[in-house]
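Both backbone and side-chain heavy atoms feed into the values below; hydrogens, waters and symmetry mates do not. Proteins come first, then strands; the chains are lettered A, B, ... in the order of their sequence lines, and each starts at number 1. The structure presented is a predicted model; accordingly, all values stated were derived computationally and were not measured.
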Amino acid sequence: MKNYFYLLLFSWITLSLGLGSCKKQFDEPPVSEYPSITPNATIAEVKALHTIGNTADSITDSLVIEGIVVSSDEKGNFYKQLIIQDDSAGIEIRIEMSNLYNDYPVGRKVWVKCQGLYVGDYQGNHQLTINANGDRIPEGLLSKYIVAGPKDQLVQPKVVTIDQIKNTTIYRNMLVELSQVQFATLDTNQTYADAVGQLSLNRTIQDCNGNTIILRTSGYAGFASDRTASGSGIALGIHTNFGSDAQLYIRDVTDLNLINTRCSPSTAGNLISIATLRASTIIPTNSKIRAYVISDRGTSNIVGQNMVVMDASAGITVRFTSTHSFNEGDELEIPLTGGTISDFNGLMQLEGILSSNITLVSTGNAVPPLYTTTVQNLITNAELYESCLIKILNANISGATTYSGTLTLADATGSVDLFTRFDATFAGNTVACGNIDITGIMGQFTTYQVSVRDPAVDIVGGTPCGGGGGSTITSIRSARALFTGANTTLGTNLKIKGIVISERNAANLVSQNLVLQDSSGGIVVRFNAAHTFNVDDEIEVNISGATLGEFNGLLQISGIATTTATFISASNTITPRIATISQILANAETWESTLVKINGVNSMTGGTTYGANTGNITLNDGTGTLIMYTRSAATFSGTNLPTVFPVNVTGIVGQYDTTVPTTSGYQILIRTTNDIN
Amino acid sequence: MNKIFICLFSLFIFTNSYLFAQQTLIKGKVIDANGTPVSSVQIKLEESGELTSSDESGAFELNCSIQGKVQLVFRKEQWKVYFQKVEINFSEAEINLDPVILSPEDGVDQLSSEELIPSVSLTDAEVNDAGGTQNVSGILTSSRDIFFNTAAFAFGAARFSIRGYDSEYSTVYINGIPMNSLENGRASWTLWGGLNDAFRSRDNTIGLGSTDYTFGGPGGATQFDIKASSQWKQMRAGIAVSNRSYVYRPMFIYSTGLLKSGWAFSISASYRGAEQAQVPGTYYSAASYYLSAEKVFNKNHSLNLSIFGAPRVSGGRGAVTEEQQNIARKAYGDEGYFYNPYWGWQTKADGSGRMVRNSRYNSSHIPVAILSHDWNIDDKQSLTTSFGYQFGYNASTGLNWYNAADPRPDYYRKWPSYFDNTDSMVANQLYSQLIQNPDQLQVNWDNFYEVNRNSIDPEFSNSEKRARYIVEERRYDIQQYSFNSIYKNFLTDQVTINAGLKGQYFISRNYKVIDDLLGADYWVNTNQFAERDSTNNPNFAQNNLDNPNQIVKKGDAFDYDYESHIQNASTWIQGIFNLGKLELFVASELSITRFWREGNLRNGRFPDNSLGKGKEYFSFNYHFKGGATYKINGRNYLFLNGNYGNKAPFFRDAYVSPSYRDQLVDGIQNTTIYGGELGYILSAPKLKARVAGYFTRFLDDYYNKNFYSENAFIGEDGTGQSGFINFVMTNVDKQHMGLELAVQYEIISGLKISAVASIGEFIHISRPDIKIYLDNDPNVQVNSKTAYMNNAYVAGSPQMAYNFGINYNAPKFWFFNINFNYLMRNFVDINPDRRTIEAVSTNNNPVYQQQFVQPGSQQWQDILSQEELPHIFTIDIFAGKSFRIKVGEKTSFIYINVGVNNILNNRNILTGGFEQLRYDFEGNDPSTFPTKYNYGLGINYFASIVYRLPI
């Protein structure tokens with residue numbers, strides 16, 4: 001019986017305990033009630049504490065603002081930021097937290113306890129931050145500054161026009177609604193951003209009056225690879241500025257409702273001629289010009305921010321704040337509002353035009369020269385012909401064998417400068433000799449000058465200049481510029497001239513090599529055999545047909561015989577550039593193969609002799625460290641390094657980097673131990 | 001049936017069956033320390049099972065038909081069990097033993113391991129691990145060796161493990177069935193947690209000595225005998241209270257002993273529970289049950305069935321950084337010493353208050369059934385055959401989230417140090433905010449519900465809510481079939497043969513289930529990291545290609561789902577040769593292992609090798625060991641043992657990422673193990689001492705971790721890209737060597753002092769090869785590099801430990817002991833990736849010296865040096881008393897025991913630490929992801945009262 005009693009006891013205990021050892025079950029908590037706080041300031045009042053452009057201002061009063069969330073990072077077009085607005089204004093709050101939409105969805109009311117925060121601006125948009133540097137509010141401090149209230153509050157977007165947005169700052173960081181807008185023709189059916197490269201892109205939105213605004217989208221946005229619609233309709237978005245550029249950020253593509261047929265925009269304003277524009281001291285209000293692009297950004301014989309346009313009356317150079325993308329032959333309608341006329345070394349320029357405001361009317365037009373004239377006539381009427389496409393017949397070019405720089409264009413009546421930018425794609429091309437017809441843009445850089453867009457098209461006749469050319473030499477810098485990134489075979493009739501800065505007798509470089517420097521730069525010349533040029537010799541080297549290539553990052557000219565070099569004179573001097581190690585490292589690619597002098601080297605580590613540590617001794621001048629490389633074959637290899645510091649070190653900037661891209665491994669090579677004192 | 005086994009055995013073992021009808025009579029007397037005879041002592045001849053008991057005068061007689069060295073076991077209630085070895089030679093018909101002196105049971109033997117091990121180790125092991133790992137110190141508690149006793153009782157404060165070995169190197173048997181998991185080699189002691197009474201009878205071998213039931217691991221072996229006939233005939237019930245992992249524990253056992261009918265029964269149950277013990281948020285609820293029935297058919301045959309299980313749920317405690325603990329202490333005061341980032345507040349459904357909820361519940365229930373047959377074939381031979389079956393689950397919960405901010409309060413960007421470099425004022429402000437708002441240090445459950453309730457994803461549903469935050473449960477369902485036969489043969493006077501044959505089949509299913517949708521309606525079965533990695537291929541992120549964008553709800557399986565199948569068969573044989581003063585043994589084990597992965601889902605990253613049965617891995621392994629013991633005289637012994645062998649890789653280490661694909665780690669191979677030990681034992685009546693030196697090497701081991709890295713690989717744009725990576729290390733060589741010293745002296749009767757020292761050095765002796773695979777990309781093996789880890793310390797245990805103890809057993813059944821413990825040279829677990837060229841270079845392809853962190857600089861030191869944890873000094877006391885009570889005709893007993901550990905209340909005990917596996921390669925700054933530490937308990941107690949009624 002007793003046994004049964006125990007068994008019962010056991011069963012009871014097991015049963016009750018077995019039931020007990022379950023996982024805890026948790027009921028759902030009740031829906032929380034939201035707090036309610038009475039604000040004591042408007043967003044506009046807080047924004048007023050800060051003047052755009054100034055350092056961020058600390059908010060010392062206990063100001064509480066109330067706003068509704070209008071931004072959303074759900075699709076990734078906003079990142080670690082919250083934009084709230086009240087009736088008065090909108091403001092961005094920078095927060096060190098992602099996926100804010102979970103806690104602060106669009107329409108949620110929030111109160112911001114501003115005391116302790118900073119109000120500043122980024123590119124003209126007010127923001128609340130944790131410090132004067134504009135850093136984001138840490139997640140752990142959110143509960144201190146932000147109180148979240150009820151959700152699904154109605155946000156009424158500000159219904160505005162593009163014009164209104166541009167003319168005032170009050171809509172910045174607000175949800176705005178634009179009606180009757182569409183993507184600019186070139187921006188339809190394009191991706192919103194570069195999802196692959198994860199880069200932001202600008203697309204232009206225009207209204208039917210031709211006013212434009214940038215729609216900027218992050219490459220991280222979930223809809224970055226979606227394509228823009230071609231219809232017109234309504235656009236919702238947060239308006240911000242980037243400096244002077246007005247832009248719009250959408251939360252999701254659903255913010256755009258472009259289902260109507262497109263309108264055909266025409267730029268508002270009165271059409272005036274370029275001649276009228278040139279004659280005006282003040283740009284006429286509400287006016288525009290319509291003209292063809294005559295410059296070619298493709299050949300780079302014009303700086304990237306500039307273009308030259310011409311209508312039937314005249315031409316003008318337009319200068320933007322950044323690189324533009326208009327091509328030769330584009331027909332443009334350019335609203336002049338906001339533009340100014342300036343003078344740049346005698347050249348009239350139209351500035352202050354936003355490229356986004358320009359309407360592309362047509363593309364691929366062939367624009368004939370406005371004037372066909374003589375050189376004498378060209379100079380006489382230079383101001384009239386400025387920035388026009390002109391043509392001169394029966395002319396010839398002299399002064400150099402390649403186009404780079406200032407050459408002379410002459411005909412029977414006189415001569416004028418023919419200028420080609422160093423960066424032009426054809427700068428190294430051989431000049432056409434003999435009788436030619438030439439088309440170019442009339443320009444001025446103190447003196448008058450003509451520039452061609454592309455000699456292959458703009459110059460007709462002549463033959464390539466052969467032989468000769470001994471009197472003109474390509475600068476080492478322009479020779480270096482011919483390097484395409486891979487081994488490059490140089491053209492004909494190329495010469496460089498410079499002073500040898502390497503010392504062959506000390507054998508700190510191989511016997512075929514020398515380093516040549518002129519006033520523009522330096523380069524390694526590698527002959528097919530040992531050469532006999534000494535340090536400080538001035539020599540001229542015909543590098544026609546040579547190979548321009550990199551050896552572990554070091555640019556060199558190779559594949560030429562020693563006979564291609566001619567001795568000119570001895571005992572010339574190149575004064576080393578005095579620089580710190582950090583400067584050398586920062587400019588190493590430009591200063592490569594030139595002579596530098598580091599004053600005040602404090603230490604040499606890695607070994608006690610030249611050539612120790614497989615040649616690599618580390619120099620330190622307090623600004624950085626640099627390897628001083630010595631070949632084991634160098635005559636001074638193995639001799640003791642200085643023991644008393646500081647010392648000054650003169651040497652040639654070199655590079656040895658076995659991995660592409662070759663952006664490291666910079667070195668200095670001394671010629672002899674006399675380089676250290 | 002039995003014939004089949006014999007046939008099986010004859011394939012492997014030379015069976016001998018010649019019999020001698022000779023025997024020797026052993027005579028003796030049992031007395032206590034005062035010379036008073038002790039009656040009714042049960043005396044058992046271990047080798048043959050022969051039983052007798054002492055009479056009123058303490059005298060006994062026993063027939064022995066085995067020649068050689070045999071062992072007598074003396075058992076009586078209330079008295080310590082006593083073992084005596086006797087040399088039998090049939091040339092003597094009778095042996096008269098010296099009087100056997102029994103001493104009364106002291107308090108220590110009244111309690112079993114769990115109560116005595118300082119709580120820290122057990123708490124951490126139980127709470128942090130879902131039963132997967134286990135502290136080995138539990139193995140050692142019943143050892144009668146002073147060194148191992150002390151190591152077990154006194155060195156637990158920092159998870160001391162003997163000789164620094166992983167627990168996989170110690171084998172555990174219950175009724176003849178091996179309990180080490182085939183998947184990772186470890187025996188999970190939580191399977192029988194709480195069944196202390198039923199698991200009282202155990203036998204340990206430490207080190208490389210011989211055992212008669214298994215070949216044994218390099219770390220030794222333990223066997224439990226939980227057969228009903230082995231349980232004391234008693235009813236015993238008790239209750240304990242503690243502030244360690246649980247708060248209260250009732251425990252009950254009832255054993256009939258061997259009834260006249262030949263049956264024996266034993267049942268036991270216990271429960272351990274706590275809403276919260278010392279560490280906040282660590283809910284604990286663990287039950288356990290045990291039943292055993294045995295039928296002794298005759299002298300030769302008995303059959304036993306034992307079933308036990310221990311359903312368990314507990315809340316986890318997370319490791320924290322020093323900064324986090326400092327802030328928690330400011331925020332919480334003293335309780336901050338036990339800061340646990342895993343729990344948080346959740347408002348009750350009726351809004352009436354808040355309750356504590358842990359995000360990491362570990363639960364398990366793996367019942368085990370063992371049927372065993374003991375066959376005493378004749379006087380010299382015996383065969384024990386067992387079948388085991390176990391099935392059940394291990395599970396642990398955790399937070400998961402989709403397109404939502406990281407919900408873990410210990411996420412590094414939520415702490416002031418993250419802002420130290422940008423603006424120290426901001427860091428200070430955050431510091432103040434955290435200490436004034438301690439809720440921010442915990443999980444914010446209410447917010448998860450708030451977010452989920454408002455989460456509509458129109459891509460899937462306009463009314464149902466898509467979960468942003470969930471609690472998921474990682475499930476691990478196992479089944480294991482085991483068969484084992486152990487054969488013993490006392491072949492001749494000088495030679496004993498032991499042998500065994502074992503077969504096991506293990507199957508586990510590994511998958512995740514939705515545990516709680518936290519107010520939402522569904523979760524989508526995609527991999528959000530893969531979603532981010534490839535936006536072009538919509539299939540890529542699918543976890544189940546055959547059911548794309550699968551909607552999963554509470555209780556549904558998701559993410560990954562695969563099975564591991566492991567089969568193992570082994571046989572071993574051992575010969576013991578008794579040559580007078582010298583005893584030698586040699587043993588060898590041969591085994592074959594076969595395993596494969598079977599995927600239940602075809603996922604988008606690995607459509608070709610995620611579903612179905614994978615390629616089999618096959619391994620053949622051997623292990624040899626041998627040793628000698630030289631008896632200088634009856635009190636002085638020398639021993640020398642050695643081993644050489646190898647083991648197959650464990651399933652868990654062998655695959656790059658078994659969750660998602662069938663791909664073996666490149667270069668996986670057997671791990672070679674060899675070593676030796678040399679020692680001296682002094683066993684005088686008042687003075688006992690033991691000195692041993694050991695040396696072991698583990699070569700070609702491996703290491704396999706899966707974690708999220710900020711810069712897992714270099715993207716096309718040259719910048720570091722984050723992602724989940726599989727970090728695999730091969731060619732990991734380790735060397736463990738050291739000295740063990742122990743001495744115990746009995747000053748006066750009942751008063752003993754002891755001193756113990758364990759002086760070890762556990763280091764890496766190779767530069768392992770690191771291979772990094774991208775979890776989400778089938779093609780990319782991101783990186784291959786060398787870890788400069790030579791001489792790095794093996795983490796996980798103090799390498800040096802010292803103890804001084806005083807133990808007093810008073811005459812009137814009370815006892816007191818005090819231990820002074822000093823633990824040192826415990827090192828943090830290093831991140832191998834921080835010992836690479838890449839970790840100290842400032843450039844992706846360093847060539848020049850300036851592209852490296854300046855050697856010898858502070859930064860260099862910070863990156864490369866291995867931190868030693870602070871030394872630990874603790875004082876533990878333990879005391880108890882027992883009472884006799886007459887109930888009717890019977891005497892019953894009440895025992896009261898109280899233990900207080902860490903009496904100095906040192907709350908800054910670091911039991912372990914690890915460098916985070918993430919590393920700031922761009923800034924070469926180890927402090928971006930600082931070391932995390934496991935903090936131990938402060939002063940803690942255990943008290944119990946037990947009532948025992950012999951029946």
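With respect to B:Glu450 and A:Lys151, a salt bridge is recorded, a charged nitrogen being found less than 4.0 Å from a carboxylate O.
Put simply, CG on A:Asp135 and CE on B:Met425 are 13.0 Å apart, with the number rounded to the nearest 0.5 Å. Taking CG of B:Asn454 as the reference point, atom OH of A:Tyr101 lies at 12.0 Å (rounded to 0.5 Å). To the nearest 0.5 Å, the span separating CZ on B:Phe448 from CG on A:Asn102 amounts to 11.0 Å. Note that the OG1 atom of B:Thr422 and the CZ atom of A:Arg136 stand 11.0 Å from one another [nearest 0.5 Å]. Here the OH-CD distance, from B:Tyr418 to A:Glu96, works out to 5.0 Å after rounding to the nearest 0.5 Å. Distance check: B:Gln433 CD to A:Lys144 NZ gives 6.0 Å after rounding to the nearest 0.5 Å.
No hydrogens or angles considered: a donor-acceptor pair under 3.5 Å links the side chains of A:Asn131 and B:Asp423.
Looking at A:Tyr220, there are no atoms closer than 4.5 Å to chain B (heavy atoms on both sides), in backbone or side chain. For B:Gln346, the part lying near chain A is the side chain, with the backbone staying farther off; criterion is any non-hydrogen pair under 4.5 Å. Using a 4.5 Å cut-off between heavy atoms, B:Arg357 contacts chain A through both its backbone and its side chain. Heavy-atom distances place both the backbone and the side chain of A:Ser143 under 4.5 Å from chain B. With a 4.5 Å cut-off on non-hydrogen atoms, B:Asn452 does not touch chain A at all.
Residues A:Pro138 and B:Phe419 have side chains in contact (heavy-atom distance under 4.5 Å, counting atoms from C-beta outward).
Surrounding OH of A:Tyr79 are at most 12 heavy atoms belonging to other residues, nucleotides or ligands under 6.0 Å away. Within a 6.0 Å sphere centred on NZ of B:Lys465, other residues, nucleotides and ligands contribute more than 12 heavy atoms. Remark: B:Lys233 NZ is loosely packed, at most 12 non-hydrogen atoms of other residues, nucleotides or ligands lying under 6.0 Å away.
The minimum heavy-atom distance linking A:Ile130 with B:Gln429 is given by the pair CD1-OE1, 3.7 Å. For the pair B:Ala405 and A:Ser98, the tightest heavy-atom approach, listed with the atom from each and the gap, is CB-O, 3.7 Å.
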- May I have the step-by-step check of side chain to side chain contact (heavy atoms under 4.5 Å, CB included) for A:Glu28 and B:Arg453, ending in yes or no? CA-CA 11 Å; A:Glu28 289 192 21; B:Arg453 281 174 181 149; 3.4 Å; yes

- Run the numbers on A:Asp27 and B:Lys348 for side chain to side chain contact (heavy atoms under 4.5 Å, CB included), then give the verdict. CA-CA 7 Å; A:Asp27 289 336; B:Lys348 291 180 184 165; over 6 Å; no

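With chain A as the partner, the residue from B:Leu518, B:Val451, B:Asp516, B:Asn403 showing the most heavy-atom pairs under 4.5 Å is B:Asn403. Counting heavy-atom pairs closer than 4.5 Å to chain A, the top-ranked of the candidates B:Asn358, B:Asn447, B:Leu434 is B:Asn447.
One N or O on the side chain of B:Gln440 and one on the backbone of A:Gly140 form a donor-acceptor pair closer than 3.5 Å.
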